[in-house]
Peer 1: 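My questions will all concern the structure given below.
None of these values were measured; they are calculated from a predicted model.
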Amino acid sequence: MLTVDFARLRLRPGDLVLDLGCGAGRHAFECYRRGARVVALDRSANDLADVRKMFWAMREAGEAGSTNQDGGTNQDGGTNQDGGDDRAVAVAVRGDALRLPFPTGAFDVVIASEILEHLPEDRAAIAEAARVLRPGGTLVVTVPRWWPERICWALSEAYHRVEGGHVRIYRRGQLRARLRAAGLVPAASHHAHALHSPYWWMRCLFGVDNDRAAAPRLYHRLLVHDLTHRPWWTVWPERALNPLLGKSLVSYLRKPDRAG
């Protein structure tokens, strides 16, 4: 399940990408598939072990760099005999978002998806993300949208009061102000995952640890079907509902180049 819209991101083969707080690696995998050089960073050793396995499996299957940002096969050289792109490289690194082990201006793209809401010192993480981004590069930040998230908090304390859980709910203006303070320029934004908001409301209502409740269990089957088959009767309604009901706020920002 991708939160970032790669049509907006316009990732190019060979771009150096940092997936900051990569978790299970969903965005790192998509960047690798599109021919980028990917660094997936997280604090969880268990998550990183799984990410490394998937990177290896993708490379062995010839899926690394198998498509460009438009979904077609790369035509500009760098293709290996398995159908992948030799420029595509991927590593998984354990690290701290508040003290990134990378030089200033190292990355063409930084993705910080669903991480800032977990960090008490979010301003420090934003500053570090901006530091390692090259002038003219793109930062993508995704966080839970304010009002769907506020309903989750109202329905269940267990939803967010867990170790490593959400410590704040962002309003759009608040998030944008913190990103601007780090020297970043907002470029675009949108909402995503409208179908997921009702699921989390049901989980919070019936108990986030309650696996027996019928309503969230049946709705989860719908979400799995949507993710695996992408039928029109889920894709089109979600696109129409995202502006109103989308659970995630996605912001695209640019680091001004030196001339600017």
Peer 1: Taking side chain as C-beta onward, heavy atoms only, is W146 less than 4.5 Å from L249?
Peer 2: no
Peer 1: Check the hydrophobic clustering (I, L, V, M, F, W, Y; side-chain heavy atoms under 4.5 Å; chains of links allowed) and say if V109 and Y32 are grouped together.
Peer 2: no
Peer 1: Taking K247 for the side chain and S197 for the main chain, is one N or O donor matched with an acceptor at less than 3.5 Å?
Peer 2: no
Peer 1: Could you tell me which non-hydrogen atom of G23 sits nearest to which non-hydrogen atom of V51, and how far apart they are?
Peer 2: O-CG2, 3.6 Å
Peer 1: With a 4.5 Å cut-off on side-chain heavy atoms, are R37 and C31 touching?
Peer 2: no
Peer 1: Could you list the donor-acceptor pairs under 3.5 angstrom formed by side chains in residues 15-22, with sequence neighbours left out?
Peer 2:
| from | atom 1 | to | atom 2 | distance (Å) |
| --- | --- | --- | --- | --- |
| D15 | OD1 | R12 | NE | 3.4 |
| D15 | OD1 | R12 | NH2 | 3.3 |
| D15 | OD2 | R12 | N | 3.0 |
| D19 | OD2 | A28 | N | 3.1 |

Peer 1: May I ask you to test the V38-V89 pair for a side-chain heavy-atom distance under 4.5 Å?
Peer 2: no
Peer 1: Report the C-alpha separation of D42 and R94 in whole Å, then their side-chain angles, then the decisive distance to 0.1 Å, and conclude whether the salt bridge (charged side-chain N to carboxylate O under 4.0 Å, His left out) test is met.
Peer 2: CA-CA 5 Å; D42 204 277; R94 193 175 187 188; over 6 Å; no
Peer 1: For a quick test of reading the model, state the closest non-hydrogen atom pair linking W200 to C152 and the distance between them.
Peer 2: CB-SG, 3.9 Å
Peer 1: Hey, are the side chains of Y219 and P198 touching, using non-hydrogen atoms and a 4.5 Å cut-off?
Peer 2: yes
Peer 1: Does E114 have any side-chain hydrogen bond (donor to acceptor under 3.5 Å, both in side chains) partners at least two apart in sequence or in another chain, and if so, which?
Peer 2: T142, S248
Peer 1: For the pair R43 (side chain) and D96 (backbone), establish whether a donor and an acceptor sit closer than 3.5 Å, ignoring hydrogens and angles.
Peer 2: no
Peer 1: With rounding to the nearest 0.5 Å, note down the distance linking NZ in K53 to CH2 in W56.
Peer 2: 11.0 Å
Peer 1: Can you tell me if W147 has over 12 outside heavy atoms packed within less than 6.0 Å of its CH2?
Peer 2: yes
Peer 1: Does any part of the side chain of R134, heavy atoms only, come nearer than 4.5 Å to the side chain of F107, both counted from C-beta?
Peer 2: no
Peer 1: Grouping I, L, V, M, F, W and Y whenever their side-chain heavy atoms are under 4.5 Å apart, do L244 and I151 come out in a common cluster?
Peer 2: no
Peer 1: Just do the side-chain contact (heavy atoms from CB on, under 4.5 Å) check on L253 and R176 with the steps written out, would you?
Peer 2: CA-CA 10 Å; L253 305 106; R176 179 167 289 194; 5.9 Å; no
Peer 1: Indicate, with yes or no, if L245 and W233 share a hydrophobic cluster defined by side-chain heavy-atom contacts under 4.5 Å among Ile, Leu, Val, Met, Phe, Trp and Tyr.
Peer 2: yes
Peer 1: First locate atom OG1 of T234, then atom CG of L222, and finally report the distance between them rounded to the nearest 0.5 Å.
Peer 2: 7.0 Å
Peer 1: Please determine if R34 and E30 form a salt bridge, counting it only when a charged side-chain N lies under 4.0 Å from a carboxylate O.
Peer 2: yes
Peer 1: Could you walk me through whether L184 and R180 pass side-chain contact (heavy atoms from CB on, under 4.5 Å), step by step?
Peer 2: CA-CA 5 Å; L184 299 160; R180 282 185 179 275; over 6 Å; no
Peer 1: Please check this pair: side chain of R203 against backbone of V208, looking for a donor-acceptor N/O pair closer than 3.5 Å.
Peer 2: yes
Peer 1: With hydrophobic residues grouped by side-chain heavy-atom distances under 4.5 Å, do Y159 and V143 end up in a single group?
Peer 2: no
Peer 1: Are side-chain heavy atoms of V93 and V91 found at a separation under 4.5 Å?
Peer 2: yes
Peer 1: Nearest 0.5 angstrom please: R10 CZ to D5 CG, how far?
Peer 2: 10.5 Å
Peer 1: Is it possible for you to say whether W232 and V235 belong to one hydrophobic cluster, with membership spreading through side-chain heavy-atom contacts below 4.5 Å?
Peer 2: yes
Peer 1: Could you walk me through whether L139 and L179 satisfy the side-chain contact (heavy atoms from CB on, under 4.5 Å) test, starting with their C-alpha distance in whole Å, then the side-chain angles of each, then the deciding distance to 0.1 Å, before giving a yes or no?
Peer 2: CA-CA 10 Å; L139 170 67; L179 293 166; 4.1 Å; yes
Peer 1: Hey, could you give me the CG/CG distance between N46 and L48, rounded to the nearest 0.5 Å?
Peer 2: 9.0 Å
Peer 1: Scan residues 117-131 for pairs that pass salt bridge (Lys or Arg N to Asp or Glu O under 4.0 Å), counting only residues two or more places apart or in two chains.
Peer 2: D122-R168, D122-R178, E128-R131
Peer 1: Shortest non-hydrogen contact from L100 to A129?
Peer 2: CD1-N, 4.2 Å
Peer 1: Would you give the length of the straight line joining atom CZ of F6 to atom CZ of R33, rounded to the nearest 0.5 angstrom?
Peer 2: 8.5 Å
Peer 1: Just jot down the side-chain hydrogen bond (donor to acceptor under 3.5 Å, both in side chains) partners of N210, sequence neighbours excluded, or say none.
Peer 2: none
Peer 1: Do V140 and V110 have side chains that get closer than 4.5 Å, going by heavy atoms?
Peer 2: no
Peer 1: If I compare all heavy atoms of M1 with all of H193, which pair ends up nearest, and what's the gap?
Peer 2: CG-CE1, 3.4 Å
Peer 1: Please report the shortest heavy-atom distance between A125 and L119, naming the atom on each side.
Peer 2: CB-CD1, 3.6 Å
Peer 1: Return all side-chain donor-acceptor pairs below 3.5 angstrom for residues 160-167, not counting sequence neighbours, or 'none' if the list is empty.
Peer 2:
| from | atom 1 | to | atom 2 | distance (Å) |
| --- | --- | --- | --- | --- |
| H166 | ND1 | E149 | OE2 | 2.4 |

Peer 1: Could you check whether W201 and W153 have their ring centres less than 6.0 Å apart?
Peer 2: no
Peer 1: Please tabulate, for side-chain N and O atoms in residues 185-192, each donor-acceptor pair with protein atoms closer than 3.5 Å (sequence neighbours left out).
Peer 2:
| from | atom 1 | to | atom 2 | distance (Å) |
| --- | --- | --- | --- | --- |
| S189 | OG | R172 | NH1 | 2.8 |
| H190 | NE2 | Y252 | OH | 2.7 |
| H191 | NE2 | R145 | NE | 3.3 |

Peer 1: Check whether H27 reaches the backbone of V4 with its side chain - one donor and one acceptor, N or O, closer than 3.5 Å.
Peer 2: yes
Peer 1: Counting C-beta onward and ignoring hydrogens, is there a side-chain heavy-atom pair between L41 and F102 closer than 4.5 Å?
Peer 2: yes
Peer 1: What pair of heavy atoms forms the shortest contact from L11 to A36, and how long is it?
Peer 2: CD2-CB, 3.9 Å
Peer 1: Inspect the surroundings of CZ in R230 and state if more than 12 heavy atoms from other residues, nucleotides or ligands are less than 6.0 Å away.
Peer 2: yes
